[in-house]
S.K.: 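Once you've had a glance at the structure underneath, I'll fire off some questions.
Because the structure is predicted, anything quoted here is derived from the model rather than measured.
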Amino acid sequence: DCNEYVSKVQTGIQDLLELLSRVRELSSEPQNIEIFEVVPVIEQSINEAQGNAINSGSEFGGIQSNGLWGETRLQGDPIQLKMALRNLIINAIEASSVDQSVSVSIQLSDKTLSIIVQDNGHGMTDQDIINAFKPFSSLKDAGRGLGVPIAQKIIHFDFGGEIRYESEVGKGTKVYVELPFYKDIEE
């Protein structure tokens, strides 16, 4: 019927606009370079990812964090970092089932801050991990395959960091976002 057809066209247009927006994100430059505290950005990323999951009807066991992490500063665009982390956390939520939780934690070394997003979902093969970094490659039926490539671009090019995966099929995935943290010259 005509109403159903119009609805499908509207959904297709919305999907296309979302896709174009994501492609633009992939090529965008950081806009707001500053020195910022990373903890509030991580917390905002967690909250937005949870809200996204609730709004999309995804069910999962919740997000566990290892609490407030102290003062840790980065240099870059905090909005871009939030976008990258949100993409990775949403992926972890979508890989998890109702009784599973997602954890977000950080580890510090002398020069590096590692943000670890861990799920206990279905896990990924080595080839799945390689494909995750390729635009338009997705393990999800409704996935567009841009979340990880966008996160990679932001982490690598905008922050000088890297993303790496550890995963085992049937046991889940850990995503490590490793970033050089900011230190004052006087320190």
Side-chain angles (χ1 to χ4, degrees), residues 14-15 17-19 21-26 28 30-32 36-69 72 74 76-107 113-124 128-129 131-133 135-156 158-159 161-167 171-179:
Q14 288 174 332
D15 288 348
L17 290 172
E18 172 68 18
L19 180 62
S21 173
R22 299 288 232 137
V23 169
R24 188 174 59 237
E25 289 171 4
L26 193 56
S28 69
Q31 301 295 313
N32 185 29
F36 64 95
E37 291 294 329
V38 72
V39 172
V41 174
I42 295 171
E43 290 171 340
Q44 290 169 5
S45 301
I46 291 169
N47 291 336
E48 288 180 15
Q50 280 183 307
N52 181 284
I54 291 166
N55 290 337
S56 69
S58 295
E59 294 185 34
F60 67 103
I63 294 180
Q64 309 296 318
S65 67
N66 66 350
L68 296 176
W69 301 295
T72 307
L74 297 177
D77 185 339
I79 293 170
Q80 294 277 60
L81 180 61
K82 182 171 64 171
M83 181 188 329
L85 293 176
R86 184 181 62 229
N87 286 345
L88 297 173
I89 295 167
I90 288 170
N91 284 350
I93 290 169
E94 291 176 350
S96 301
S97 62
V98 176
D99 60 339
Q100 297 171 324
S101 64
V102 171
S103 68
V104 180
S105 59
I106 70 170
Q107 295 175 348
L113 163 75
S114 295
I115 303 167
I116 301 126
V117 179
Q118 180 175 359
D119 68 62
N120 297 307
H122 47 77
M124 301 170 74
D128 290 339
I129 293 169
N131 290 341
F133 291 97
F136 307 109
S137 177
S138 178
L139 294 174
K140 299 179 276 189
D141 292 338
R144 291 181 178 82
L146 291 172
V148 175
I150 289 169
Q152 170 71 0
K153 180 259 180 201
I154 292 168
I155 299 306
H156 182 73
D158 299 351
F159 283 88
E162 71 175 70
I163 298 176
R164 64 183 176 83
Y165 278 72
E166 287 181 6
S167 189
K171 294 194 176 183
T173 302
K174 279 187 184 180
V175 181
Y176 293 84
V177 176
E178 297 172 338
L179 302 163

S.K.: Could you tell me if the side chain of Asn87 sits less than 4.5 Å from the side chain of Ile154, heavy atoms only?
M.R.: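 Side chain of Ile154 against side chain of Asn87, heavy atoms only: no contact under 4.5 Å found.
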S.K.: Apply side-chain contact (heavy atoms from CB on, under 4.5 Å) to residues Leu179 and Leu81 and explain how you reach the verdict.
M.R.: CA-CA 10 Å; Leu179 302 163; Leu81 180 61; 4.0 Å; yes
S.K.: Closest approach of Ala84 and Ile155, non-hydrogen atoms and distance?
M.R.: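 Smallest heavy-atom distance, with atoms named: CB-CD1, 4.1 Å.
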S.K.: Taking the side chain as C-beta and beyond, is there a heavy-atom pair between Asp77 and Asp158 under 4.5 Å?
M.R.: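 They are not in contact (no side-chain heavy atoms under 4.5 Å apart), so the answer is no.
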S.K.: Counting N and O atoms only, with roles assigned by atom type, does the side chain of Glu162 sit under 3.5 Å from a partner on the main chain of His156, one being a donor and the other an acceptor?
M.R.: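 No.
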S.K.: Of all residues at least two apart in sequence or in a different chain, which pass the side chain to side chain donor-acceptor pair (under 3.5 Å) check with Thr173?
M.R.: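 In terms of side chain to side chain donor-acceptor pair (under 3.5 Å), with neighbours along the sequence ignored, Thr173 is linked to Ser167.
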S.K.: Is there side-chain contact between Tyr165 and Asp128, with at least one heavy-atom pair below 4.5 Å?
M.R.: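 Tyr165 vs Asp128: side chains apart.
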S.K.: Quick one: does Leu85's side chain get under 4.5 Å of Val104's, heavy atoms only?
M.R.: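 No. Closest side-chain heavy atoms not under 4.5 Å.
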S.K.: When you compare the side chain of Pro135 with that of Leu146, does any pair of heavy atoms fall below 4.5 Å?
M.R.: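 Side-chain contact under 4.5 Å: yes.
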S.K.: Ile150 versus Lys153: any side-chain heavy-atom pair under 4.5 Å?
M.R.: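 Result no, sub-4.5 Å side-chain heavy-atom pair not found.
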S.K.: About how many Å separate CD1 of Ile116 and OG of Ser103, when rounded to the nearest 0.5 Å?
M.R.: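 Taking OG in Ser103 and CD1 in Ile116, the distance rounds to 8.5 Å.
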S.K.: Using the test salt bridge (Lys or Arg N to Asp or Glu O under 4.0 Å), find all partners of Glu166 that sit at least two apart in sequence or belong to another chain.
M.R.: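 Glu166 satisfies salt bridge (Lys or Arg N to Asp or Glu O under 4.0 Å) with Arg164 only.
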S.K.: Do you know the tightest heavy-atom contact between Arg86 and Ser45?
M.R.: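 Heavy atoms of Arg86 and Ser45 come nearest at N-CB, 4.0 Å.
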S.K.: Who passes ring-ring contact (aromatic ring centres under 6.0 Å, His included) against Tyr176, sequence neighbours left out?
M.R.: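 Tyr176 satisfies ring-ring contact (aromatic ring centres under 6.0 Å, His included) with no residue once adjacent residues are dropped.
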S.K.: Side chains of Val177 and Phe159, heavy atoms from C-beta outward: is any pair under 4.5 Å?
M.R.: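 Of all side-chain heavy-atom pairs linking Phe159 with Val177, none is under 4.5 Å.
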S.K.: Test Gln44 against Asn47 for side-chain contact (heavy atoms from CB on, under 4.5 Å), laying out the working first.
M.R.: CA-CA 5 Å; Gln44 290 169 5; Asn47 291 336; 5.6 Å; no
S.K.: Within a strict 4.5 Å, meaning less than it, do heavy atoms of the Asp119 and Ile93 side chains meet?
M.R.: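 In short, these two side chains do not touch, never coming nearer than 4.5 Å.
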S.K.: With sequence neighbours excluded, tell me which residues meet side chain to side chain donor-acceptor pair (under 3.5 Å) with Asn131.
M.R.: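 Checked Asn131 against side chain to side chain donor-acceptor pair (under 3.5 Å); matches are Gln127, Lys134.
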S.K.: With rounding to the nearest 0.5 angstrom, report the CD1 to CD distance, Ile89 to Gln118.
M.R.: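 Atom-to-atom, Ile89:CD1 and Gln118:CD are 13.0 Å apart.
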S.K.: Quick one: closest heavy-atom pair of Phe36 and Gly76, and the distance?
M.R.: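 Taking Phe36 first and Gly76 second, the nearest heavy atoms are CE2-O, 3.6 Å.
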S.K.: Please round to the nearest 0.5 Å and tell me the distance separating atom CD1 of Ile42 and atom NZ of Lys82.
M.R.: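 These two atoms lie 13.0 Å from each other.
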S.K.: Working to the nearest 0.5 Å, report the span between CD1 of Ile115 and OG1 of Thr72.
M.R.: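 Reported to 0.5 Å precision, the distance equals 9.0 Å.
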S.K.: Which residues satisfy the salt bridge (Lys or Arg N to Asp or Glu O under 4.0 Å) test with Lys174, sequence neighbours excluded?
M.R.: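 Testing Lys174 for salt bridge (Lys or Arg N to Asp or Glu O under 4.0 Å), a comparison that skips the adjacent residues, returns none.
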